[in-house]
Amino acid sequence: QVTLVESGGGSVQAGGSLRLSCAASGYTYNSKCMGWFRQAPGKEREGVAHIYIGGGSTYYADSVKGRFTISQDNAKNTVYLQMNSLKPEESGMYYCAAGPLCITRSNGAPSPSTLRYWGQGTQVTVSS
């Protein structure tokens, strides 16, 4: 069992930045992939970015490339999402997820299909 705890959400104006954190605990040995997803009210969940733990390979949805950066601190079992130049339409709940394999969709976004562990989410609000 893996427990994921997100933090770092908040309110920011358009163009601003936030850094989200996801701390993993428990039996993380087989959770080689960690990713970030977001969901706005009334909209489908969408993948934002994911990273292979240890190897460090990263993948981003086309919509966030060049603005968001996913990174890891293996010593702390923590994955970060640095979000710059935020847009109002990027408001929503941001979730961290973990699983054995990263699968990327054609638009570069992570697929949730292999990610079996999910956090409770952290709210991001971007005002115009």
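- Of the possible donor and acceptor atoms, none in the side chain of Thr28 sits under 3.5 Å from a partner among the backbone N and O of Ser25.
- Sorted by first and then second residue, the pairs that involve residues 93-113 and meet side-chain hydrogen bond (donor to acceptor under 3.5 Å, both in side chains), not counting sequence neighbours, are Arg38-Tyr94, His50-Thr104, Ser111-Ser113.
- Distance check, rounded to the nearest 0.5 Å: OG1 of Thr78 to CD of Gln72 gives 10.5 Å.
- For residues 67-86, the salt bridge (charged side-chain N to carboxylate O under 4.0 Å, His left out) pairs, not counting sequence neighbours, are Arg67-Glu90.
- In this structure, the side chains of Pro88 and Val126 come closer than 4.5 Å at one or more pairs of heavy atoms.
- Judged as a side chain to side chain donor-acceptor pair (under 3.5 Å), and not counting sequence neighbours, the contacts of Ser17 are Asn84.
- Residues that satisfy the salt bridge (charged side-chain N to carboxylate O under 4.0 Å, His left out) test with Asp62, not counting sequence neighbours, are Lys65.
- Surrounding CD of Gln13 are at most 12 heavy atoms belonging to other residues, nucleotides or ligands under 6.0 Å away.
- Looking at Glu6, its side chain does come within 3.5 Å of a backbone N or O of Cys96 through a donor-acceptor pair.
- In summary, of the residues considered (Thr125, Val12, Val64), a side chain to side chain contact (heavy atoms under 4.5 Å, CB included) with Leu86 occurs for Val12 alone.
- No chain of hydrophobic side-chain contacts below 4.5 Å, direct or via other Ile, Leu, Val, Met, Phe, Trp or Tyr residues, connects Tyr59 to Leu81.
- With a 4.5 Å cut-off between side-chain heavy atoms of Ile, Leu, Val, Met, Phe, Trp and Tyr, the cluster of Tyr80 takes in none.
- Note on residues 97-128: pairs passing ring-ring contact (aromatic ring centres under 6.0 Å, His included), not counting sequence neighbours, are Phe37-Trp118.
- To the nearest 0.5 Å, atoms OG1 (Thr58) and CD1 (Ile70) are separated by 7.5 Å.
- Distance CG/Leu115 to SG/Cys102: 7.0 Å, rounded to 0.5 Å.
- Hydrophobic clustering (side-chain heavy atoms under 4.5 Å, transitive across Ile, Leu, Val, Met, Phe, Trp, Tyr) groups Val79 together with Phe68.
- Distance check: Ser63 OG to Glu89 CD gives 9.5 Å after rounding to the nearest 0.5 Å.
- Nearest approach of Ala61 to Gly47, heavy atoms of both residues: CB-O, 3.5 Å.
- Across all non-hydrogen atoms, the minimal contact from Met93 to Gly121 is SD-C, 3.7 Å.
- When hydrophobic clusters are built by joining Ile, Leu, Val, Met, Phe, Trp and Tyr residues whose side-chain heavy atoms come closer than 4.5 Å, directly or via intermediates, Val48 is grouped together with Leu18.
- Under a 3.5 Å cut-off, the side chain of Thr114 and the backbone N or O of Leu101 do form a donor-acceptor pair.
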Quick one: do Thr122 and Ser7 satisfy side-chain contact (heavy atoms from CB on, under 4.5 Å)? Show the steps, please. CA-CA 6 Å; Thr122 185; Ser7 61; 5.6 Å; no
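- Annotation for Gln120: atom CD does not count as buried by contact number, only 12 or fewer foreign heavy atoms lying within 6.0 Å.
- Under the 4.5 Å side-chain heavy-atom criterion for Ile, Leu, Val, Met, Phe, Trp and Tyr, Ile51 and Ile103 are members of distinct hydrophobic clusters.
- Cluster annotation: Met83 is connected to Leu4 through the hydrophobic network of ILVMFWY side chains, with a link wherever side-chain heavy atoms come within less than 4.5 Å.
- With a 4.5 Å cut-off on side-chain heavy atoms, Pro100 and Arg116 count as touching.
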